[in-house]
Amino acid sequence: MSDLNKLGLAEARDLLRKGETTSVELTESCLSAIDAADALNAFVHKTPEIALERAKAADARIAEGDAPAMCGLPIGIKDLFCTKGVDSQAASRILKGFKPEYESTVSQNLVDAGAVMLGKLNMDEFAMGSSNETSVYGDVVNPWRRGDDEAALTPGGSSGGSASAVAADLCLAATGTDTGGSIRQPAAFTGITGIKPTYGRCSRWGVVAFASSLDQAGPMTKNVRDAAIMLEAMCSHDLKDSTSADLAVPNFEAMLTGDIKGKKIGIPKEYRMDGMPGEIEKLWSEGAEMLKAAGAEIVDISLPHTKYALPAYYVIAPAEASSNLARYDGVRYGHRATLEAGDGITEMYEKTRAEGFGPEVQRRVMIGTYVLSAGFYDAYYNRARRVRTLIKKDFEDVFAAGIDAILTPATPSAAFGLGEMTDADPVQMYLNDVFTVTVNLAGLPGIAVPAGVDKQGLPLGLQLIGRPWEEGDLLNTAYALEASAGFVAKPSKWW
Amino acid sequence: MSIDQSTAAKVAKLARIKVEDDALPALASEFNTILGFIEQLNEVDVEGVEPMTSVTPQRLKRREDVVNDGSQQEKVLANAPDAREGFFAVPKVVE
């Protein structure tokens with residue numbers, strides 16, 4: 001059977017269980033696709049030996065009739081996840097050569113579910129970026145192009161390698177992480193599905209920390225069913241993460257009925273931004289029409305503090321990052337600068353961090369340091385945390401009024417060209433997350449579903465935001481939207 | 001509020017990131033752009049609003065105060081840029 005790498009998780013699982021293919025065949029198909037796709041720069045640490053070893057073990061388990069949920073399914077892992085004995089450097093120079101002695105809880109859960117790791121995926125450095133241009137490994141390239149134009153486009157960020165790899169069929173699915181939109185924006189830019197679960201669903205243990213009160217892992221997949229399967233495998237209550245939720249993880253796939261009759265879908269008026277491209281606006285209205293046709297009730301709602309989400313995020317996330325990244329000091333792991341005679345420990349810290357962190361990471365660490373510094377803590381950090389309380393309350397109010405899910409665009413534009421934003425000020429890049437960042441601040445689940453293409457043929461996504469802990473219901477609404485949108489376009493292979 | 005070069009230098013020092021003097025004007029300018037964006041938060045009435053401490057309503061769990069890990073010196077040191085005789089080695093800290 002050829003083109004096994006093009007399968008999704010559910011399809012491949014069903015073929016494996018019927019004995020119509022093997023995990024080794026699936027894995028070899030993906031490994032060949034990966035080797036032929038270096039132009040995309042998605043996989044940055046390939047692990048074919050680990051992959052084939054796990055694939056053989058998976059085939060043995062399937063033969064014994066002992067196959068867990070993701071048994072034998074080859075996936076990619078974002079470089080932010082610590083994987084035992086395998087380079088895990090968060091796309092940063094400062095973690096060059098770091099090989100963890102432990103496995104993150106999420107990637108361990110996937111191993112336990114039988115999944116096969118193909119390698120580590122490129123990303124923005126420390127997950128700070130929206131275009132995958134801050135990586136020490138270089139830019140990731142989106143497999144999609146604007147028609148015949150050969151200009152390289154961004155896959156989005158920070159989970160750009162994951163998005164590009166899934167869209168280009170280098171793997172069946174991939175892990176991502178999302179602090180302000182880093183799963184949903186790249187998913188939208190590459191025509192795939194990505195869900196960020198409720199804060200606390202996935203353990204953060206062993207995931208390199210960016211902003212601990214916002215970070216969540218989630219799956220990036222070829223369709224909604226696959227997202228349900230993989231999310232369930234990733235979630236768990238974990239004593240090693242004190243914010244991990246002590247809640248049972250439902251069978252999300254079983255909740256995909258496609259029946260959304262009577263569901264109330266909110267359309268927030270504040271997401272109708274000035275200067276929003278007509279195509280995004282049109283897609284959004286069409287999405288609402290599709291859900292209505294499927295039996296949902298469309299309700300206009302208001303989330304009054306939406307405008308303040310990005311500024312609050314750009315206080316809170318850098319503040320937490322400046323604390324989290326203090327550990328990179330050249331002592332315990334990673335890069336240490338070469339010192340000159342007479343240099344003391346302070347010079348070691350300063351030179352190591354100047355050499356090890358890229359410009360965007362340095363910028364955010366310093367902004368965080370500033371907003372937390374004496375005299376500014378109240379004016380910036382505490383004010384931002386108060387605004388965050390109000391943003392969360394906006395959502396609580398609409399959910400209390402009976403709204404089941406909220407429909408918004410996923411991004412303010414389609415994928416833009418690599419290098420196009422180089423001369424823009426940092427805030428212009430931050431605006432990419434305008435529709436997604438509210439969800440992290442409120443700790444809610446959010447999913448991006450591909451819903452159409454723009455006039456240049458690039459994919460566009462819609463976002464659905466759900467009630468806390470109700471990922472199953474959210475996935476089901478996304479499943480209905482996916483069925484109506486009927487998005488089947490794929491990038492033409494040029495790499 | 002505007003950040004001048006000396007404030008930018010002070011922030012870099014606090015963050016323990018070496019910034020060359022000739023890079024300070026551009027850095028100060030970027031800070032001002034970002035802080036200008038953040039200043040929008042001053043429009044919000046936050047009177048009587050509690051700063052968020054936990055996004056999900058949960059109490060942090062307590063665990064038994066027992067040793068549950070340890071004796072992993074080799075693993076702890078495995079990734080150190082400079083480890084000697086079972087310790088992390090660093091430049092002289094105390095004269």
Side-chain angles (χ1 to χ4, degrees), chain A residues 97-99 101 198-200 213 239 242-243 245-246 305 307-308 310-312 314-315 322 329-336 339 343-346 348-351 353-354 357 362-363 365-367 369-371 373 380 382-390 392 425-427 430 441-443 468, chain B residues 1 3 7-8 10-20 23 27 29-31 33-58 60-63 68 72 74-83 88-95:
Chain A
F98 178 58
K99 287 187 168 62
E101 294 287 337
T198 313
Y199 182 82
S213 79
L239 295 175
S242 61
T243 61
D246 190 0
H305 295 91
K307 180 186 166 194
Y308 302 106
L310 263 183
Y314 276 98
V315 174
S322 82
D329 55 8
V331 175
R332 287 157 295 170
Y333 27 66
H335 178 72
R336 176 187 291 189
L339 302 181
D343 278 352
I345 195 148
T346 302
M348 185 194 76
Y349 293 151
E350 292 179 347
K351 289 183 178 179
R353 290 161 65 81
F357 293 146
Q362 290 193 19
R363 192 153 46 227
V365 166
M366 288 192 269
I367 286 285
T369 303
Y370 181 73
V371 300
S373 63
Y380 288 114
N382 274 342
R383 174 167 283 268
R385 290 196 302 138
R386 288 193 163 92
V387 172
R388 187 176 180 189
T389 300
L390 293 171
K392 182 168 181 246
D425 71 58
V427 170
Y430 299 168
L441 289 168
Chain B
M1 193 166 318
I3 290 198
T7 311
K10 189 178 156 219
V11 172
K13 185 80 190 168
L14 283 172
R16 296 290 183 270
I17 296 175
K18 184 175 174 59
V19 177
E20 302 295 342
L27 186 65
S29 157
E30 283 174 0
F31 284 173
T33 304
I34 296 168
L35 291 172
F37 179 63
I38 291 169
E39 297 288 331
Q40 290 179 69
L41 295 176
N42 291 331
E43 297 166 15
V44 186
D45 180 4
V46 294
E47 192 58 39
V49 179
E50 281 296 307
M52 185 184 284
T53 47
S54 172
V55 72
T56 48
Q58 62 170 200
L60 286 183
K61 291 197 163 196
R62 294 180 178 189
R63 63 167 174 80
N68 57 17
Q72 302 197 39
E74 266 180 45
K75 286 185 175 181
V76 168
L77 293 172
N79 280 290
D82 190 1
F88 294 111
V90 296
K92 191 151 80 175
V93 178
V94 183
E95 289 299 328

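In what follows, chains are A, B, ... by sequence order, proteins preceding strands, each numbered from 1.
- Distance check, rounded to the nearest 0.5 Å: CZ of A:R363 to CG of B:L27 gives 8.5 Å.
- A 4.5 Å side-chain heavy-atom check between B:V46 and A:L390 finds at least one atom pair inside the cut-off.
- A 4.5 Å side-chain heavy-atom check between A:R336 and B:D82 finds at least one atom pair inside the cut-off.
- A 4.5 Å side-chain heavy-atom check between A:R385 and B:T53 finds at least one atom pair inside the cut-off.
- In terms of heavy atoms, A:G334 sits closest to B:P81 at O-CG, 3.4 Å.
- Only the backbone of A:A442 comes within contact range of chain B, judged by heavy atoms closer than 4.5 Å.
- In this structure, the portions of A:S242 lying under 4.5 Å from any heavy atom of chain B include both its backbone and its side chain.
- Between chain B and the residues A:V331, A:L310, A:V387, A:V365, the largest count of heavy-atom pairs under 4.5 Å involves A:V331.
- Contacts between A:P426 and chain B at a heavy-atom distance below 4.5 Å involve the side chain alone, from C-beta outward.
- Within the model, atoms NZ of A:K307 and CG of B:L41 stand 10.0 Å from one another, a figure rounded to the nearest 0.5 Å.
- Both the backbone and the side chain of B:F31 come within less than 4.5 Å of a heavy atom in chain A.
- Between the A:R383 side chain and the B:V44 main chain, a donor and an acceptor come within less than 3.5 Å of each other.
- In this structure, OH on A:Y380 lies 7.5 Å from CG on B:N42, to the nearest 0.5 angstrom.
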Exercise for review: Would you sort out whether A:M366 and B:I17 count as a side-chain contact (heavy atoms from CB on, under 4.5 Å), showing the intermediate values?
Suggested key: CA-CA 8 Å; A:M366 288 192 269; B:I17 296 175; 4.2 Å; yes
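- Note: A:A312 leads A:A384, A:S322, A:A312 in heavy-atom pairs under 4.5 Å with chain B.
- Contacts of B:E50 with chain A are made by backbone atoms alone, with heavy-atom separations under 4.5 Å and no side-chain atom involved.
- A heavy-atom distance below 4.5 Å is not found between the side chains of B:R16 and A:D329.
- Note: B:M52 leads B:K92, B:M52, B:K18 in heavy-atom pairs under 4.5 Å with chain A.
- Looking at A:M348, the atoms closer than 4.5 Å to chain B (heavy atoms on both sides) all sit in the side chain, from C-beta outward.
- In this structure, no portion of B:A83 lies under 4.5 Å from any heavy atom of chain A.
- Side chains of A:L339 and B:P91 form a contact here, defined as non-hydrogen atoms less than 4.5 Å apart.
- Although no hydrogens or angles enter the test, the distance criterion places a donor-acceptor pair under 3.5 Å between the side chain of B:N79 and the main chain of A:K99.
- Every residue was checked against the salt bridge (Lys or Arg N to Asp or Glu O under 4.0 Å) condition with A:D425, not counting sequence neighbours, and none meets it.
- Once rounded to the nearest 0.5 Å, the distance linking OH of A:Y314 with CG of B:L35 reads 14.0 Å.
- Between A:Y370 atom OH and B:L14 atom CG the span is 11.5 Å, to the nearest 0.5 Å.
- Heavy atoms of other residues, nucleotides or ligands lying less than 6.0 angstrom from CD of B:E43 number more than 12.
- For B:D45, the part sitting under 4.5 Å from any heavy atom of chain A is the backbone (N, CA, C, O) and nothing else.
- With respect to chain B, the highest number of heavy-atom pairs below 4.5 Å among A:T346, A:I367, A:N382 belongs to A:I367.
- Listed options A:H305, A:E101, A:E350, A:R388 were ranked by heavy-atom pairs under 4.5 angstrom with chain B; first place goes to A:E350.
- Between the A:R353 side chain and the B:A15 main chain, a donor and an acceptor come within less than 3.5 Å of each other.
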